[in-house]
Amino acid sequence: MRILHSALISAAIGLTLALSGTPVSAQDKVITVASTTSTEQSGLFKALLPKFKEKTGIEVRVIAQGTGQALETGRRGDADVVFVHDAASEKKFVAEGFGVERFEVMYNDFIVVGPKSDPAGIAGSKDIDAALKKIAAAKTPFASRGDDSGTHKAEQRLWKAAGIEVKGAGDWYRETGSGMGPTLNTASAMNAYALTDRGTWLNFKNRGDLTIIVEGDLKLFNQYGVILVNPAKHSHVKKELGQSFIDWLVSGEGQKAIADYKIDGEPLFFPNAKKGQS
Amino acid sequence: MYDGRPILPLTVSGLSYEAGGKRLLDTVSFDLAAGRRTIVMGPNGAGKTLLLRLCHGLIEPTSGRVEWRGGSAVGRHAMLFQRPVMLRRSALGNLHHALALNGLPRTEREPRARQALAHFGLEDIASQPARRLSGGEQQRLALARAWAQRPQALFLDEPTSALDPAATRAIEAMVQTCHAEGMKIVMTTHDMGQARRLADEVIFLHHGRLLEHTPAEEFFDHPRTPEAQAFIRGELLW
Amino acid sequence: MNQQNAFITALDLIASLDPVLGDIVLLSLKVTLSAVLIAAAIGLPLGAALALGRFPGRSALIVVSNALMGLPPVVAGLVVYLLLSRSGPLGFLGMLFTPGAMILAQTVLILPIVISLTRQIVEDLWAEYEEQLRSLGSSRMRAIPTLLWDGRFSLITAILAGFGRASAEVGAVLIVGGNIAGYTRTMTTAIALETSKGDLALALGLGIILLTITLLLNTGAFVAGRMAQRAAG
């Protein structure tokens with residue numbers, strides 16, 4: 001009897017604890033945003049969200065995933081807003097009816113980092129095509145995300161533009177299948193080259209022997225878009241709250257907040273919102 | 001003092017038990033009347049413990065029947081094991097548990113449990129952890145626990161074989177008390193002196209067969225079978 | 001990075017009573033302890049029933065629950081994710097990416113441990129107690145609470161094993177919780193995040209704190225268990 005009793009009590013306590021942390025009421029001013037590891041790990045959201053909450057009272061919960069996974073989260077209806085960086089998949093997402101409309105918010109740039117010894121001899125180059133060709137020719141290790149993220153897709157486009165087939169290229173091309181940070185950790189451990197967004201790099205501490213090798217090519221610019229998940233597909237999507245987050249991001253105030261976010265005096269993201277593309 | 005209709009006599013007929021292709025108990029039949037203390041004797045492996053477990057209903061016979069008067073006797077007979085199992089709670093808690101299993105209403109358990117402890121002079125150990133008691137105390141507590149369930153018959157399987165003389169005396173005194181109060185006693189023992197002290201009648205088993213079922217004096221003074229004669233003389237039997 | 005940094009970072013974090021860290025620790029404890037309580041409430045009686053019950057498929061259930069002790073957290077997380085996703089069967093609950101989802105995932109993860117270890121403990125006890133309990137009038141099912149209570153000191157170990165697995169895992173809570181800062185970020189997901197940001201000193205510092213908490217809890221359970229055992233015999 002006593003056991004049954006204590007079992008019931010523990011179950012009750014457990015459920016209470018469980019439920020106390022689970023606000024499910026629709027009135028809560030909370031939205032879920034599926035975004036990318038680069039935005040989260042660059043620290044941008046830590047700077048933006050308090051300002052947005054102060055203005056609107058809306059709490060934004062950010063799930064940091066790869067672009068592909070973030071769009072999938074939106075597709076399944078598990079987020080109200082997606083905030084990612086791969087224009088082609090974003091447009092497809094909207095075209096398929098999962099998103100309402102795509103707004104461009106900002107861009108940052110990719111850089112190639114690599115060991116100071118620079119075995120491919122490309123340091124200081126501003127030509128990403130030429131640099132990638134040299135890496136492939138020298139067969140020096142290159143660490144790729146390999147995770148269907150926006151950065152991974154951008155990297156694949158760059159290889160393609162350089163005319164190099166990396167699938168089956170040999171064991172110098174290494175897919176980590178993980179986020180930007182873990183990929184940089186891997187690159188640092190293997191003294192490999194890697195393509196990364198500048199924000200993650202600036203926030204990355206375990207650099208080891210790595211340094212910036214290639215930067216400044218226009219092809220390395222990386223556009224971010226934000227999309228409201230379509231309430232027509234998922235009726236529970238918090239349409240108004242989600243839209244007000246998007247509206248704020250592209251507003252003068254939001255754009256300034258993005259421009260103001262800097263690490264060591266260096267801006268990470270460059271606001272470039274213009275109304276109404278899709 | 002016993003509730004409900006009488007369950008004795010107990011009629012055992014053609015009782016056999018086989019395990020692993022061996023017949024451990026072979027067509028044993030007898031009647032046990034109320035009142036008399038029955039001592040089950042026989043050399044090791046004769047089937048004494050098995051017989052008690054069958055009578056108590058812990059195991060099912062291969063063939064044959066154990067019949068109590070008036071049909072079911074569940075909860076009206078109890079058993080004391082060679083080594084009692086005490087639950088990890090106080091002595092009193094162990095009695096409470098047994099009374100709960102016996103279906104006694106909640107409010108009656110405490111007075112009944114206290115009464116059982118007092119009846120055998122065990123009040124002092126009421127709140128002690130039962131598993132921390134000595135072997136003798138545990139066996140006395142086990143007997144008090146059985147007594148508290150107010151059985152009409154009590155099976156005891158060599159209850160004192162692991163105990164020192166003082167504890168053995170205490171158990172024997174408790175058994176006498178139960179007997180005096182009208183409880184049917186069925187007990188196995190190896191100890192010839194104990195058998196002589198307690199027995200009203202003896203059941204003698206050998207190789208799973210019942211060789212004698214006779215009044216005590218007759219068994220001890222004029223055993224009929226050569227096996228029983230040898231057993232009483234203290235010869236090794238197998 | 002060197003190890004000294006990590007210890008200094010850990011001490012710094014503790015000394016500064018960092019409120020963010022405090023929230024993370026509290027959430028970790030809340031999620032894990034809730035999962036342990038729920039798993040115990042379900043797993044103890046279920047494990048005992050599996051030990052004492054006689055029904056077709058029992059052996060299969062035992063093998064399955066033993067095998068599920070090795071369930072990879074990521075798989076548990078994925079299953080719960082698919083269940084709770086808005087596109088899944090329980091999507092209407094809106095529980096994905098909440099602490100509730102994390103509790104559920106961890107419960108799924110540790111339930112097999114609690115069930116399997118309980119079954120083993122209760123089965124062993126039953127072997128010792130069976131004839132005595134049946135003699136006293138106990139049925140197999142009625143013996144469940146008796147044996148659970150008598151095995152309480154061994155069962156604490158089973159529950160601690162569940163606690164250990166839950167507090168150490170990262171795969172399941174990361175998938176179903178989303179590692180949302182200030183909401184579903186636990187010790188382990190924070191460690192994973194700091195590792196991926198390359199801040200190994202901070203990650204290791206958090207690890208040291210997690211280990212310390214686990215050690216304290218286990219010490220507490222051990223001492224309390226010993227004292228109770230001494231009292232109960």
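So you know, we letter chains A, B, ... as the sequences are listed, proteins then strands, and number each from 1. Model, not experiment: these values are computed from the prediction.
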> Among pairs that include at least one residue of residues 109-118 of chain C, which meet side-chain hydrogen bond (donor to acceptor under 3.5 Å, both in side chains), considering only residues two or more places apart or in two chains?
Replying inline: C/Ser65-C/Ser116, C/Asn66-C/Ser116
> Salt bridge or not for A/Asp78 and C/Arg86, using N-O below 4.0 Å?
Replying inline: no
> Where is the tightest heavy-atom contact between A/Phe204 and C/Lys197, given as atom of each residue plus distance?
Replying inline: CD1-O, 3.1 Å
>> Below 4.5 Å, heavy-atom pairs only: which of C/Ser85, C/Gly91, C/Ala35 has the largest tally toward chain A?
In response: C/Ser85
>> As an exercise: rank A/Arg207, A/Arg75, A/Lys205, A/His234 by heavy-atom pairs under 4.5 Å with chain C and give me the winner.
In response: A/Lys205
>> For C/Thr195, is there any backbone N or O sitting under 3.5 Å from a side-chain donor or acceptor partner on A/Asn185?
In response: yes
>> Tell me every residue that passes side-chain hydrogen bond (donor to acceptor under 3.5 Å, both in side chains) with A/Arg174, counting only those two or more places apart in sequence or in another chain.
In response: none
> By a 4.5 Å heavy-atom criterion (distance strictly below it), what part of A/Thr32 contacts chain C: side chain, backbone, both, or neither?
Replying inline: side chain
>> To the nearest 0.5 Å, what is the distance between CD on A/Glu59 and OH on C/Tyr183?
In response: 8.0 Å
>> I need the minimum non-hydrogen distance between A/Val62 and C/Ile180, along with the two atoms involved.
In response: O-CG1, 3.4 Å
>> Given heavy-atom pairs under 4.5 angstrom as the criterion, report whether the side chain, backbone, both or neither of C/Leu174 touches chain A.
In response: neither
>> If you count every heavy atom of other residues, nucleotides or ligands that lies below 6.0 Å from A/Lys55 atom NZ, does the total exceed 12?
In response: no
> Is C/Ser196 reaching over with its side chain to a backbone N or O of A/Gly181, donor-acceptor style, under 3.5 angstrom?
Replying inline: no
> Rounded to the nearest 0.5 Å, how far does CG of C/Asn179 lie from OG1 of A/Thr37?
Replying inline: 11.5 Å
> Nearest 0.5 Å, what's the CD1-CG distance between A/Ile63 and C/Leu96?
Replying inline: 7.0 Å
>> So, taking the atom named OG1 in C/Thr184 and the one named CZ in A/Arg61, what distance separates them when rounded to the nearest 0.5 Å?
In response: 8.0 Å
